[in-house]
There are 2 protein chains.
Amino acid sequence: MGTPEKLTIDDVAKYCGCSRATVSRVMNHDKRVRPETAEAVEAAMEKLGYHPNSMARALSAGKTNTVAVVVPEKWQEQPYYIKLIDAIEDVADSRGYNIILKRRKYIDSVSELVNRKQVDGVIFRNMEETGKELALYGKMERMGLPFILIGKPVSTYPFIKVDNVGGARAVASYLAEEGYKKILFIKGPELHVDSIDRLAGLKIGLSEKGFNLDNLFLSDGDYSTESGYHAAKEYFAKNKADAVFAANDRMALGVLLYCRENGIKVPEELGIVGFDDNFFAEYLTPSLTTVKPPMYEIGIVAMESLIRMIENSERPNIRVILPAELIIRESCRAGMKPDKKT
Amino acid sequence: MGTPEKLTIDDVAKYCGCSRATVSRVMNHDKRVRPETAEAVEAAMEKLGYHPNSMARALSAGKTNTVAVVVPEKWQEQPYYIKLIDAIEDVADSRGYNIILKRRKYIDSVSELVNRKQVDGVIFRNMEETGKELALYGKMERMGLPFILIGKPVSTYPFIKVDNVGGARAVASYLAEEGYKKILFIKGPELHVDSIDRLAGLKIGLSEKGFNLDNLFLSDGDYSTESGYHAAKEYFAKNKADAVFAANDRMALGVLLYCRENGIKVPEELGIVGFDDNFFAEYLTPSLTTVKPPMYEIGIVAMESLIRMIENSERPNIRVILPAELIIRESCRAGMKPDKKT
DNA sequence: CTGAAAGCGCTTACAG
DNA sequence: CTGAAAGCGCTTACAG
């Protein structure tokens, strides 16, 4: 049972008739302890119900076994962040780490965690970094505190990202092979690197399938559902297309809403493809064909890499790009354009 | 700029020509420091770029300013947990706390956090607690470590929960007032307290509107989409109803899928109501009428209560029930049953 | 209002 | 393989 009195390492040492140093070594699996001694100490810790104080340990060892994970403000819109965090936690738990979650709006607190030596490292979901992020990255580098970016790379810092080009290329191949002839791409905010990569991947994929890029049209959007709706409205007022590829799922949803309002049948008259595999994608009617970023894998790799940096104090040049998967659902499925097949 | 060398409280003291104790008092806003002294110390900390070491502070003060938040295994199915966590973080940040996130599967790690004095308190999302949870609750109580349960109450521990009875009662009033005459309720897993409360609220609400409970029918489910689908299939094979109230949104979705497959028009021929305001509810076609639990408010109250317990070492008898809101959408909207109105 | 000193509970060279 | 001792960087009675 163990009485609720506070036990310290000295109590264990006294009980075992050894020194505090030896108990410490046993806890830290130091090879230099005689096996019998180690066993005795372990038995004592068990018997007494002793648990080392994390704060004392962290103070003297200079290591907290805690990392911070910084997610975007509106991670709610993208529940795949849950998968990311699950992955990070899975690795963390198996390696004895804990994770402190922070939204980007509390970046100043993250900075304080760093200043106060409260974390061994940080995983940042980096999108469009501001001066604050850059200052923090710089500070951490100077301090020698490991961190890793998920998403947009910055400078030469370690990063892990989704293969946006490859994902869009897969969409392109699919559309071309299915015989779609006129495609509208709805862009994200100007200069947003993901959108740029997705468009690039689309062009590469279409080109290599012999698709004439004159039949690829571009519209501006800002990732919001509304912008997708308006892009569709504006475009279809004067033009036609048999497929729309939106740079993200929310804009694809906007297109779908436009079609529903205007009696355009999806996928019969128009194929719609998004990107992100947003949480609602499978629940829409029709369900949305999209590209799924490997969030779980990203989390695993991110945390494993971070731990490696922390424990080996090596600064490996981590630059990882993980493939995204095309998820075919009803909004753009095979065989809807058989008549137009080449 | 500040050189990257490690500054300690002694450096600040030396710089100010005062003692380490005084610097400490200034950091902790101790009233007993002369204002001029305090100012000088603060200026020095600023100038030197000093930041106190959290671990040292935690060790000597016996307080970590960290709390753990335990969420269910499959919190991914219920992104309203993001709102809960956001709320907890909002309060935490403003009060200088950090949160360590843990899924229930890692309850053993939570136990270790407690044993090792790594957290000042814990917020548990409690559903159907196992022996492990009970043991941990008991241990924390014995240690005098504050914790609070969200959801199902246990023993006399502090808890915060949704008013399931009231939410379902609102649904009942609405259905009765709209003139629905024959209602099917799909239950959750046997003995699940939320489902029981929702059914109770439904009965109360219907009764007080003069609805004859002989026209309320019950079906078994287990909260899964499939169970909702099958409950509908089984029931409608031999019976009729003009409204279905499912104990959660996923089962309501199952009913909706059944209707779609069998050409039953929603809401024209059948009204469907769920519970939870699950993330997909607004994206379904038709969008789902449901009851929205006040997750953000729950998070706020939970964290504020926990901090109060931590900082005042009072053990207030916290038992809070927060109201849930009926969200009327397309699947069961006003005026669909005008012919049947009493 | 301020300081000297003990203490929080560990880890880790250093010696042996 | 083991121990004595210093040290990690704070907080907090205790005295004044």
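Any value given below was found using the heavy atoms of this structure, including those in side chains, with hydrogens, waters and symmetry copies removed.
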- Would you mind reading off the distance between K117(A) atom NZ and dC8(D) atom P, rounded to a whole angstrom? 14 Å
- For S54(B), the option from R116(A), Q118(A), E112(A) that meets side-chain hydrogen bond (donor to acceptor under 3.5 Å, both in side chains): Q118(A)
- Item | Complementary nucleotide of dA4(C), counting Watson-Crick and G-U pairs under 3.5 Å | none
- Message: Once you apply a heavy-atom cut-off of 4.0 Å, does R34(B) come out as touching a base, just sugar-phosphate, or nothing?
- Response: sugar-phosphate
- Grab the CE-P distance between M55(B) and dC10(C) for me, whole Å please. 15 Å
- Query: Looking only at atom types and distance, does a side-chain atom of N98(A) sit under 3.5 Å from a main-chain N or O of T66(A), one as donor and one as acceptor?
  - Reply: no
- With both distances kept under 3.5 Å, what pairs with dA13(C), Watson-Crick or G-U wobble? none
- Message: On DNA chain C, does the nearest nucleotide to R32(B) precede the nearest nucleotide to A56(B) from the 5' side, or the other way round? Give the residue.
- Response: R32(B)
- Ignoring hydrogens and geometry, is there a side-chain-to-backbone donor-acceptor pair from S60(B) to A56(B) under 3.5 Å? yes
- Task: Begin with the C-alpha distance, continue with both residues' side-chain angles, and end with the deciding distance and a verdict on side chain to side chain donor-acceptor pair (under 3.5 Å) for Y137(A) and N126(A).
- Result: CA-CA 11 Å; Y137(A) 300 162; N126(A) 192 67; 2.6 Å; yes
- Task: Can you tell me the distance, in whole Å, between the CD1 atom of I9(B) and the C1' atom of dG9(D)?
- Result: 8 Å
- Message: Is it the case that the side chain of R125(A) and the backbone of V70(A) share a donor-acceptor pair, with hydrogens and angles ignored and the cut-off at 3.5 Å?
- Response: no
- Task: Calculate the interatomic distance between N65(A) atom CG and dC10(C) atom C1'; express it in whole Å.
- Result: 14 Å
- Message: Taking dC10(C) as the reference, what is the distance to dC14(C) when you measure between their P atoms (whole Å, please)?
- Response: 24 Å
- Atom pair distance, as rounded to whole Å: CD in E36(A) and C1' in dT2(D): 13 Å
- Message: Between K139(B) and N115(B), is the side chain to side chain donor-acceptor pair (under 3.5 Å) condition met? List the steps.
- Response: CA-CA 9 Å; K139(B) 177 167 66 183; N115(B) 286 330; 3.1 Å; yes
- Query: Near DNA chain D, under 4.0 Å by heavy atom, which residues of residues 12-26 of chain B?
  - Reply: R20(B), A21(B), S24(B), R25(B)
- Query: For M45(B) and dG9(D), what is the distance between atoms CE and C1' respectively, to the nearest whole Å?
  - Reply: 15 Å
- Given L84(A) and W75(A), is the side chain to side chain contact (heavy atoms under 4.5 Å, CB included) satisfied, shown in steps? CA-CA 11 Å; L84(A) 180 72; W75(A) 62 309; over 6 Å; no
- Query: Using a cut-off of 4.0 Å on non-hydrogen atoms, how would the nucleic acid contact of N28(A) be classed: base, sugar-phosphate, or nothing?
  - Reply: sugar-phosphate
- Item | Closest listed nucleotide, where the reference is the side chain of T37(B) and the choices are dC1(C), dT11(D), dC10(C) | dC1(C)
- Query: Atom CG of L59(A) to atom P of dA6(D): distance rounded to whole Å?
  - Reply: 18 Å
- Message: Once you apply a heavy-atom cut-off of 4.0 Å, does R57(A) come out as touching a base, just sugar-phosphate, or nothing?
- Response: sugar-phosphate
- Item | Heavy-atom closest contact (I310(A) atom, V67(A) atom, distance) | CD1-CG1, 4.0 Å
- P atom, dC1(D) versus dA5(D): distance in rounded Å? 24 Å
- Could you check how far CZ of R116(B) sits from P of dC10(C), rounded to whole Å? 10 Å
- Item | Nearest to side-chain heavy atoms of P35(B), which nucleotide of dC1(C), dT2(D), dT11(C) | dC1(C)
